[in-house]
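Inspection log for the structure reproduced underneath, given as structure tokens.
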Protein chains: 2
Amino acid sequence: MVKRTSFESDACPIARSLDALGDWWSLLIIREALFGLRRFGEFQSKLGMAKNILSARLRALVDHGILATAPASDGSAYQEYVLTPKGRGTFPILVALRQWSEEFDDHPEEIATILVDREKGRPVKKLEMRAEDGRLLSPADTMVKPRPALRRRSVG
Amino acid sequence: MVKRTSFESDACPIARSLDALGDWWSLLIIREALFGLRRFGEFQSKLGMAKNILSARLRALVDHGILATAPASDGSAYQEYVLTPKGRGTFPILVALRQWSEEFDDHPEEIATILVDREKGRPVKKLEMRAEDGRLLSPADTMVKPRPALRRRSVG
DNA sequence: CAACTTAGTTTCATCATGCAACTACTGGAG
DNA sequence: CTCCAGTAGTTGCATGATGAAACTAAGTTG
């Protein structure tokens with residue numbers, strides 16, 4: 001089959017994330033949702049994407065538990081799409097993408113916005129990886145280990 | 001045209017990142033490259049993807065300055081694909097994706113690996129967002145600001 | 001140089017994407 | 001109640017992207 005090779009059953013957590021977030025529009029929809037958008041029409045006009053694709057993506061995000069449909073909010077009888085905790089949990093991913101672009105983009109002058117902390121208005125610090133005890137880690141300081149089979153439970 | 005709507009000229013840094021990293025395989029190729037893979041055949045057999053797609057993705061990643069082709073390394077006259085600094089800079093993105101999956105996946109028992117710090121063998125701490133002065137920030141503590149037009153330079 | 005491996009490219013069927021047009025429902029004016 | 005405009009989606013169709021397998025070409029081994 002050609003079906004875009006779902007990574008759903010892959011054991012790698014990165015692949016599993018990509019299965020939910022990895023297509024063209026999903027992360028941008030989530031970005032707008034984090035920014036406060038909720039209605040179909042808002043997403044559609046802000047992102048300028050085709051409505052059928054938006055419809056399919058919203059449904060997929062709802063199926064993945066990233067968005068949920070809420071019945072109303074502004075009185076109208078229409079539907080809204082709001083982020084679940086799982087959806088809000090993608091924030092570090094978006095920040096990482098943003099910071100990567102800010103640091104490495106070939107045309108940084110074309111980037112229109114910066115992420116700042118609301119209180120001081122100063123740029124957010126770069127994400128950093130730390131050990132449990134707080135030591136700063138570089139990629140080389142880390143490794144991937146098989147998961148310790150969390151507590152026997154028909155784990156074969 | 002249907003050409004998958006390039007985000008290259010979008011002013012949003014997230015969209016710009018996705019333009020380079022946003023397709024199905026790119027981040028997985030980068031993950032394997034961070035893990036040490038370098039050769040076409042290694043990627044192909046490890047990821048199990050079609051060779052034409054791998055070929056196209058590698059070329060795109062090279063064009064984006066994420067990978068570079070190096071002439072050799074193990075003596076053979078073949079080519080290698082090695083990460084550039086820009087490519088290694090994607091590490092936080094991969095960590096963020098991994099941690100999101102670890103925290104929110106519906107079937108966490110299927111995740112086979114964990115990321116640990118090499119020295120202690122303990123899981124890496126969750127990425128956290130901090131202000132310049134070190135305050136821990138939640139999404140709500142941040143906002144997006146227009147970029148301050150970095151220092152006049154034919155900026156219109 | 002014959003056999004095998006590595007690194008791709010080509011071919012072809014199928015799926016996904018994107019635009020435009022169409023349908024369904026809501027709410028308000030008359 | 002009906003007409004009209006706006007919102008929310010679905011359907012149809014052309015085209016491009018994807019994937020499996022076959023094919024090509026160069027490197028390497030014997």
Side-chain angles (χ1 to χ4, degrees), chain A residues 1-10 15 18-29 32-33 36-64 67-82, chain B residues 1-10 15 18-29 32-33 36-64 67-82:
Chain A
M1 70 177 174
V2 188
K3 293 191 60 131
R4 201 115 178 242
T5 311
S6 166
F7 302 130
E8 200 174 6
S9 55
D10 198 299
L18 290 176
D19 194 70
L21 307 171
D23 55 58
W24 263 152
W25 293 104
S26 295
L27 280 167
L28 294 179
I29 292 171
E32 296 303 332
L37 299 200
R38 293 159 162 258
R39 296 283 283 268
F40 187 95
E42 291 178 327
F43 290 110
Q44 208 269 318
S45 61
K46 191 76 193 304
L47 291 170
M49 66 191 291
K51 300 204 289 181
N52 53 349
I53 306 294
L54 175 58
S55 178
R57 288 290 160 274
L58 289 173
R59 202 172 329 158
L61 290 169
V62 169
D63 287 348
H64 277 291
L67 293 175
T69 52
S73 112
D74 67 334
S76 80
Y78 292 112
Q79 207 175 207
E80 288 189 343
Y81 297 90
V82 295
Chain B
M1 70 176 174
V2 189
K3 293 188 61 124
R4 205 127 177 226
T5 312
S6 166
F7 301 131
E8 200 175 6
S9 55
D10 197 300
L18 290 176
D19 194 71
L21 307 171
D23 56 60
W24 267 149
W25 292 105
S26 295
L27 280 168
L28 293 179
I29 293 171
E32 297 302 332
L37 300 200
R38 293 157 163 259
R39 295 283 285 267
F40 187 95
E42 291 177 328
F43 290 111
Q44 207 267 318
S45 60
K46 191 77 193 303
L47 290 169
M49 65 191 292
K51 300 203 291 180
N52 53 348
I53 305 295
L54 176 57
S55 178
R57 287 291 161 274
L58 288 172
R59 202 173 329 160
L61 289 169
V62 169
D63 287 349
H64 277 292
L67 293 175
T69 52
S73 112
D74 67 335
S76 79
Y78 292 114
Q79 208 175 205
E80 288 188 343
Y81 297 90
V82 295

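Numbers restart at 1 for each chain; the letters A, B, ... are given by sequence-line order, proteins then strands.
Taking atom CG on A/L47 and atom P on C/dG18, their separation rounds to 12 Å, with Å as the unit. The NZ atom of B/K46 sits 16 Å away from the P atom of C/dA7 (whole-angstrom rounding). Following rounding to the nearest Å, A/R59 (CZ) and D/dG9 (C1') show an atom-to-atom distance of 9 Å. The separation between A/I53 atom CD1 and D/dG9 atom C1' is 13 Å, rounded to whole Å. Nucleotide C/dG8 holds its C1' atom 10 Å from the CG atom of B/L58, rounded to whole Å. Between the CD atom of A/Q79 and the P atom of C/dT26 there is a distance of 12 Å, rounded to whole Å. With rounding to whole Å, A/L54 atom CG is found 13 Å from C/dC19 atom P. We find that CG of B/D23 is positioned 14 Å from C1' of C/dT17, with the value rounded to whole Å.
For A/K51, the listed nucleotide lying nearest its side chain is D/dT10; candidates were D/dA22, D/dT10, D/dG19.
In terms of phosphate contacts, B/R38 brings no side-chain nitrogen or oxygen within less than 4.0 Å of OP1 or OP2 of C/dA7. For B/W25 and D/dG19, the shortest distance from a side-chain N or O to OP1 or OP2 is below 4.0 Å. An OP1 or OP2 oxygen of D/dT10 is reached within less than 4.0 angstrom by a side-chain nitrogen or oxygen of A/S55. Phosphate contact (OP1/OP2 of C/dA7, side-chain N/O of B/R39, threshold under 4.0 Å): present. For the pair A/R57 and C/dT17, the criterion of a side-chain N or O lying under 4.0 Å from OP1 or OP2 is met.
Backbone-only engagement by B/Y81 is indicated by non-hydrogen atom pairs under 4.0 Å involving sugar-phosphate atoms exclusively. Among the atoms of the strands shown, none is found under 4.0 Å from any heavy atom of B/Q44.
Both A/A50 and B/F40 lie near DNA chain C, and the one whose nearest nucleotide falls closer to the 5' end is B/F40. Judged by closest nucleotide on DNA chain D, A/E42 is the one of A/E42 and B/N52 placed further toward the 5' end.
By the 4.5 Å heavy-atom criterion applied to side chains, B/R39 and B/Y78 are counted as neighbours. With a 4.5 Å cut-off on side-chain heavy atoms, B/L37 and B/L47 do not count as touching.
Side-chain contact annotation: A/D23 with A/S26, donor-acceptor N/O pair under 3.5 Å present.
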Exercise. Does the pair A/L28 and A/M49 meet the rule for a side-chain contact (heavy atoms from CB on, under 4.5 Å), with working shown?
Worked result: CA-CA 11 Å; A/L28 294 179; A/M49 66 191 291; over 6 Å; no

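Separation of the A/W25 and B/F7 ring centroids falls under the 6.0 Å cut-off.
Evaluation of atom-type donor-acceptor distances gives no pair under 3.5 Å for the side chain of A/Y78 against the base of D/dG9.
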